[in-house]
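Report on the following structure.
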Amino acid sequence: MEKDKEKKVVTLAYGCQMSERDAETLTQITRQEGYTSSDDLLNADLVIINTCCVRESAENKILGKIGELKKLKEKNPNLKIAISGCMVQQPGALERLQKRAPHIDIWAGTHNLHDFSALLHQVEQGGKVAEVWQEPKMPLESTPQAEKGKLQANVNIMYGCNNFCSYCIVPHVRGRERSRKPEEIIQEITDLVSSGCREVTLLGQNVNSYGKEFSPVYDFADLLHDVDQIPNLLRIRFITSHPKDLSDKLIETVAGGNKLCEHFHLPIQSGSNFILERMNRKYTREYYLSRVNKIHEILPKASLTTDIIVGFPGESEIDFEQTLEIMNMIHYSHAFTFMYSKRSGTLAAEMEDQISLDVKKRRLQRLMSVQNVKSLAWREQMIGNTYEILVEGPSRTNPERLVGRTRGNELVVFNGPSELIGSLLNIRITEAGTWTLVGDIED
């Protein structure tokens, strides 16, 4: 009797690290159902796309990929296709998407990941299925933990967001903030380290508000302190920090830790108080600058990265110039810059004074030009200095070389044997580019 054909699953993730982590969860669920991970779309039995809806550009890419998959399904009618994540979870989106893409077999929202196995079973028996809960119904620990056996892992510490920035759809598609129990997080990381993991990134829409519902008080700084004690773990990162919740205690905890990386991703979004208020960011530029000054006071060598939106409704040239001013005041090692795009269901989408696409493009180019100069200058001042890096593996652009990151999250390329992967090395920087550094192993 012919042996059953091995079932292959291809999982694609769009958007933030939270989306990537959700995609990893879905992949693990399919493995429990007998599927093997693959990158080969042409020979896949199941394709999963975990979606993002934060920006229009991401949605357009996803819709394009869904269209491509229709052609694959025409060639292989047995192919199963699943669409999950934030785009599906948007209010009113499911019906619209189903009409546009009737070839999709499974539609699953952000609150239904734990139930994906059951949805897959239904589809394998024939037919299609859609399940999008508006509120989470299952315990936080009901979905699989991070995949074991990897050098680096993303670990969810909380889900949802309570901030309701006027441009952001996240609270509407991921729900309100819910923090995982610290003992569950610590056990997951301990298990990961036992399987070979050496670096974890703690994930949350706003990690700084972790644990606010706990009694007695146990906050994000407390969690970082406890994770820092886990044996054989080499590095701890976290993302994302909301400026309004960045406490002195948290900064001091990072400074006092052994494995806590001195890097803060601190989105400012705009340098204009008028725009920050319209965005409902709940801080001023002055407060933001005070937090940056506190970081540098306690951790003089810490690196900072940020997010910035240009062309938000009502943004004048003066408002934009204030953002450029902030960019010149703060030495960001990198900035993720975006044009504002409407998200249905958000307050900003209904604002009347929308900015034209031409103006948004012009402002974005100016902003990127300023930051590119700043990023290069930041890396050039690292030349001649020695930094500890964690060796991650071969370089994507040149597999004969190795790549790793500094504690400040700077990418470094260097020559060395593959046996060094997973170890900490001292690298002396010899060259600097806008995005990467080149160095040599120090004797």
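- Looking at residues two or more places apart in sequence or on another chain, you find a side-chain contact (heavy atoms from CB on, under 4.5 Å) between Glu286 and Asn273, Thr284.
- Taking the ring-ring contact (aromatic ring centres under 6.0 Å, His included) definition, one finds that Tyr283 meets it with His242, sequence neighbours left out.
- The two residues Asn76 and Ala44 have their closest heavy-atom pair at ND2-O, 3.7 Å.
- Remark: Phe336 pairs with His265, His334 by the ring-ring contact (aromatic ring centres under 6.0 Å, His included) rule, at least two apart or across chains.
- Within a 6.0 Å sphere centred on NZ of Lys61, heavy atoms belonging to other residues, nucleotides or ligands number 12 at most.
- Between the CD1 atom in Ile157 and the CG atom in Leu203 there is a gap of 8.0 Å [rounded to 0.5 Å].
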Just list the side-chain donor-acceptor pairs under 3.5 Å for residues 255-264, sequence neighbours left out, or say none.
residue, atom, partner, partner atom, Å
Lys259, NZ, Asp228, O, 3.3
Lys259, NZ, Ile230, O, 2.4
Lys259, NZ, Leu233, O, 3.4
Glu262, OE1, Arg407, NE, 2.9
Glu262, OE2, Arg407, NE, 3.3
Glu262, OE2, Arg407, NH2, 3.2
His263, NE2, Thr305, OG1, 2.9

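- Residues forming a ring-ring contact (aromatic ring centres under 6.0 Å, His included) with Tyr288 (at least two apart in sequence, or on another chain): none.
- Applying side chain to side chain donor-acceptor pair (under 3.5 Å) to Glu68 and the options Lys70, Lys71, Lys65 leaves one that passes, Lys65.
- Under a 3.5 Å cut-off, the side chain of Lys282 and the backbone N or O of Asn163 do form a donor-acceptor pair.
- No donor-acceptor distance shorter than 3.5 angstrom exists from the side chain of Asn50 to the backbone of Ala13, with no hydrogens or angles considered.
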Requested in this report: Using the side-chain hydrogen bond (donor to acceptor under 3.5 Å, both in side chains) rule, take Ser209 and Glu177 through it: C-alpha gap first, then chi angles, then the decisive distance, then the call.
Outcome: CA-CA 8 Å; Ser209 61; Glu177 290 174 357; 3.0 Å; yes
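- A pairwise comparison of heavy atoms in Leu420 and Val391 identifies O-CB, 3.4 Å as the closest pair.
- Between the side chains of Arg278 and Ser166, no donor-acceptor pair is found at a separation under 3.5 Å.
- In the displayed structure, His296 atom NE2 is contacted under 6.0 Å by more than 12 heavy atoms of other residues, nucleotides or ligands.
- Shortest non-hydrogen contact noted between Arg363 and Phe320 is O-CZ, 3.2 Å.
- With hydrogens and angles disregarded, a donor-acceptor distance shorter than 3.5 Å links the side chain of Asp219 to the backbone of Ala221.
- Side-chain contact between Lys360 and Phe338 is absent, with no heavy-atom pair separated by less than 4.5 Å.
- When all heavy atoms of Val370 and Leu324 are compared, the closest pair comes out as CG2-CD2, 4.1 Å.
- Judged by distance alone, the side chain of Arg379 and the main-chain N or O of Thr434 form a donor-acceptor pair under 3.5 Å.
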Report task. Would you please test Met382 and Tyr387 for side-chain contact (heavy atoms from CB on, under 4.5 Å) and show each step? Result -> CA-CA 9 Å; Met382 299 176 73; Tyr387 297 89; 3.5 Å; yes
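- The stretch residues 331-350 participates, sequence neighbours left out, in these salt bridge (charged side-chain N to carboxylate O under 4.0 Å, His left out) pairs: Glu59-Arg343.
- Residue pairs meeting the salt bridge (charged side-chain N to carboxylate O under 4.0 Å, His left out) criterion with at least one member in residues 193-216, sequence neighbours excluded: Glu199-Arg237, Lys212-Asp245.
- For the 3.5 Å distance criterion, the side chains of Ser316 and Asp319 qualify, holding a donor opposite an acceptor.
- The environment of CZ in Arg100 is sparse: at most 12 heavy-atom neighbours from other residues, nucleotides or ligands sit within 6.0 Å.
- Judged purely by atom type and a 3.5 angstrom limit, Asp105 uses its side chain to pair as donor or acceptor with the backbone of Ile81.
- Remark: Ala335 engages Thr306, Met327, Thr337, Gln371 in a side-chain contact (heavy atoms from CB on, under 4.5 Å) (not counting sequence neighbours).
- Between the Ser19 side chain and the Tyr14 main chain, a donor and an acceptor come within less than 3.5 Å of each other.
- No side-chain donor-acceptor contact under 3.5 Å links Gln205 to the backbone of Cys161.
- Below 30°, between 30° and 60°, or above 60°: for Tyr210 and Phe214 the angle between ring planes is above 60°, a perpendicular geometry.
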**Report entry** Criterion side-chain hydrogen bond (donor to acceptor under 3.5 Å, both in side chains) on Glu315 and Tyr340, from CA distance to verdict
**Finding:** CA-CA 10 Å; Glu315 183 187 63; Tyr340 167 76; over 6 Å; no
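- When the side-chain contact (heavy atoms from CB on, under 4.5 Å) test is applied to Glu124, the partners found at least two apart in sequence or on another chain are Lys7, Tyr35, Leu120, His121.
- Taking 4.0 Å as the cut-off between side-chain N and carboxylate O, Lys294 and Glu297 count as a salt-bridged pair.
- Among pairs with a residue in residues 37-53, those fulfilling salt bridge (charged side-chain N to carboxylate O under 4.0 Å, His left out) read Lys5-Asp45, at least two apart in sequence or across chains.
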Query - Derivation and outcome, side-chain hydrogen bond (donor to acceptor under 3.5 Å, both in side chains), residues Thr27 and Arg31 - result: CA-CA 6 Å; Thr27 302; Arg31 284 177 185 160; over 6 Å; no
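- Under a cut-off of 6.0 angstrom, the local environment of NZ in Lys361 is sparse, with at most 12 non-hydrogen atoms contributed by other residues, nucleotides or ligands.
- At distances below 3.5 Å, at least one donor-acceptor pair connects side-chain atoms of Ser375 with backbone N or O atoms of Ser333.
- Here salt bridge (charged side-chain N to carboxylate O under 4.0 Å, His left out) pairs that include residues 80-98, with residues two or more places apart or in two chains, are Glu95-Lys99.
- Side chains of Ile355 and Phe312 form no contact here, defined as non-hydrogen atoms less than 4.5 Å apart.
- Between the Glu277 side chain and the Phe274 main chain, no donor and acceptor come within less than 3.5 Å of each other.
- Side-chain atoms of Ser272 do not come within 3.5 Å of backbone N or O of Gln322 as any donor-acceptor pair.
- The side-chain contact (heavy atoms from CB on, under 4.5 Å) search around Glu325 returns Arg285, Met329, not counting sequence neighbours.
- At least one side-chain heavy atom of Phe220 sits under 4.5 Å from a side-chain heavy atom of Leu223.
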